[in-house]
**Student:** 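Provided herewith is a single structure, encoded as structure tokens, for subsequent inquiry.
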2 protein chains.
Amino acid sequence: MSDRPAKDKLFDAFASVAKVLGSGRRAEIVDVLAQGERPVDEIAEEIGQSIANTSQHLQQLLRVGLVRTRREGTRIHYRLSGTAVTRLWAAVREVASEHVAELDELAEAYLGDRAALDSLTRTELTNRMAAGDVVVLDVRPEHEFRSGHIPGAVSVPVRELAGRMRDLPHGRIIVAYCRGQYCVFADEAVRTLREQGMPAVRLEEGYPEWAEAGLPVEAGAPRKSGAPG
Amino acid sequence: MSDRPAKDKLFDAFASVAKVLGSGRRAEIVDVLAQGERPVDEIAEEIGQSIANTSQHLQQLLRVGLVRTRREGTRIHYRLSGTAVTRLWAAVREVASEHVAELDELAEAYLGDRAALDSLTRTELTNRMAAGDVVVLDVRPEHEFRSGHIPGAVSVPVRELAGRMRDLPHGRIIVAYCRGQYCVFADEAVRTLREQGMPAVRLEEGYPEWAEAGLPVEAGAPRKSGAPG
DNA sequence: GTGGTATTCAAGTGAATACTTGAATATCAC
DNA sequence: GTGATATTCAAGTATTCACTTGAATACCAC
């Protein structure tokens with residue numbers, strides 16, 4: 001009645017998708033690519049692995065179809081193959097945060113104590129953006145900003161923030177956002193800004209969730225601020 | 001700046017969720033449990049594995065928190081730990097069906113050719129239910145029907161269908177549903193009914209998707225049809 | 001208590017996995 | 001064509017994994 005070998009193969013195929021996400025390093029890769037496409041060497045740098053090893057992880061993601069490639073001269077850029085992958089990755093994090101016992105400790109060990117940091121949800125931010133009383137600050141690396149960001153956001157990568165504080169408009173609350181809930185950039189930015197007495201909060205989630213929710217996005221280089229020449 | 005070991009551990013924790021779904025047998029278990037709770041021996045039977053092996057797979061699902069247990073005398077019933085798990089499993093299937101190259105062949109090898117079988121979407125079915133011109137037929141095993149089904153559905157497990165054809169009301173189109181898109185029960189039912197000249201189609205998706213979509217559900221034993229006693 | 005059943009645990013085996021190292025390809029600049 | 005760079009491939013090793021078998025545990029009926 002039921003065709004056991006065929007059923008097993010079908011479910012092995014489903015499982016192959018989960019399996020390829022079942023490595024912390026590949027999960028980090030997907031998390032990085034959720035911000036936009038990247039060449040191999042940069043991905044390797046992001047996940048702290050050798051290029052050869054990173055390449056092999058990317059091959060596995062490619063074989064299952066989670067990523068695609070684009071050649072540009074001698075470099076090969078990887079990107080997620082579609083929004084279904086973004087949703088899958090979000091579903092994994094959601095289940096982990098609800099059901100994996102140690103996740104809270106691990107998150108706190110990486111992110112530090114967030115109790116003192118206020119955060120805004122997406123809808124709160126859209127409301128305040130409409131009211132015009134906030135500055136939206138994208139603290140991801142600039143190329144991630146270029147490949148897509150919240151409309152009207154200012155790009156100041158967290159590594160440059162300390163030196164570029166003067167570029168930021170005063171008098172309005174600054175809402176910093178980054179790659180997502182489990183990314184430290186916005187936290188660091190908020191702490192840095194507060195130390196200088198500037199009012200700052202973080203967006204609870206990050207750019208991929210914003211885009212996935214169908215909210216407006218914008219792409220391209222940041223406007224130069226300040227300006228000798 | 002970034003705490004590599006802590007970040008790796010955090011992403012290993014995310015990945016542990018995906019990893020545990022990264023086995024065809026455990027994926028089958030999750031698919032079975034999406035219909036409702038089941039004791040170990042029945043799960044083993046469903047996935048065609050030994051009880052010892054099934055138990056170990058269940059321990060792994062338990063360790064990561066995807067399932068919970070309930071003891072009833074000497075038997076232990078497993079169930080999914082929440083709707084986030086159902087959504088995760090749906091996301092896995094969605095990505096697989098969009099991006100895994102061989103999935104179509106594998107699905108066809110297991111399900112047979114579906115070209116000849118019409119199917120209805122959830123919304124089409126709710127419309128026709130409101131119009132009152134369909135009979136909804138649940139062809140899953142009866143205990144799955146009891147733990148939750150589409151309101152007003154008649155329960156006739158596919159294995160009993162051939163012998164109980166007379167119990168079904170005539171004159172209206174029969175819409176059969178089962179565990180989901182990749183379940184053969186409804187297909188078999190539709191074929192059986194059509195061979196007898198009865199108008200039948202299948203619901204595209206299955207009971208878990210119906211419930212997850214927030215549509216009304218009903219639980220409890222089926223009404224006896226026909227009746228000596 | 002004894003006997004029976006459902007489930008889990010423990011040990012063993014063959015296959016698959018992650019990462020390393022060093023060599024092979026492919027494109028570009030010239 | 002040559003040299004330089006980005007990426008992939010191949011081989012090797014230590015670890016992890018899926019499944020089997022047989023024993024241990026936990027509950028129930030009596």
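Just so it is clear, the model here is predicted, and its values are computed rather than measured. The chains referred to below are lettered A, B, ... by the order of the sequence lines, with proteins before strands, and numbering in each begins at 1.
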**Student:** Please give me every residue in residues 19-40 of chain A whose heavy atoms get under 4.0 Å of an atom in DNA chain C, ordered by residue number.
**Tutor:** A:K19, A:S23, A:R26

**Student:** Within the structure shown, what part of the strands sits under 4.0 Å from B:Q60 by heavy-atom distance: base, sugar-phosphate, or nothing?
**Tutor:** sugar-phosphate

**Student:** Salt-bridged, A:E144 to A:R38, with N to O below 4.0 Å?
**Tutor:** yes

**Student:** Between A:Y182 and B:F14, is the ring centroid distance below 6.0 Å?
**Tutor:** yes

**Student:** Decide if atom CD of B:E218 counts as having more than 12 heavy atoms of other residues, nucleotides or ligands within a radius under 6.0 Å.
**Tutor:** yes

**Student:** What do the steps show when you test A:H57 against A:R25 for side chain to side chain donor-acceptor pair (under 3.5 Å), and what is the final call?
**Tutor:** CA-CA 8 Å; A:H57 280 307; A:R25 259 25 71 217; over 6 Å; no

**Student:** Begin with the C-alpha distance, continue with both residues' side-chain angles, and end with the deciding distance and a verdict on side chain to side chain donor-acceptor pair (under 3.5 Å) for B:H149 and B:R140.
**Tutor:** CA-CA 10 Å; B:H149 55 262; B:R140 297 174 301 161; 5.7 Å; no

**Student:** For residues B:T83 and B:R87, is any side-chain donor paired with an opposing acceptor at under 3.5 Å?
**Tutor:** yes

**Student:** Check whether any side-chain heavy atom of A:T69 sits under 4.5 Å from a side-chain heavy atom of A:H77, and report yes or no.
**Tutor:** no

**Student:** Rounded to whole angstroms, how far apart are CZ on A:R63 and P on C:dA16?
**Tutor:** 13 Å

**Student:** Can you see if the side chain of B:H57 gets near the phosphate of D:dC17 - specifically, an N or O under 4.0 Å from OP1 or OP2?
**Tutor:** no

**Student:** So if I take residues 44-56 of chain B and measure heavy-atom distances to DNA chain D, which residues fall below 4.0 Å?
**Tutor:** B:Q49, B:S50, B:A52, B:N53, B:Q56

**Student:** For residues 65-78 of chain A, which residues have at least one heavy atom under 4.0 Å from DNA chain D?
**Tutor:** A:T74, A:R75, A:I76, A:Y78

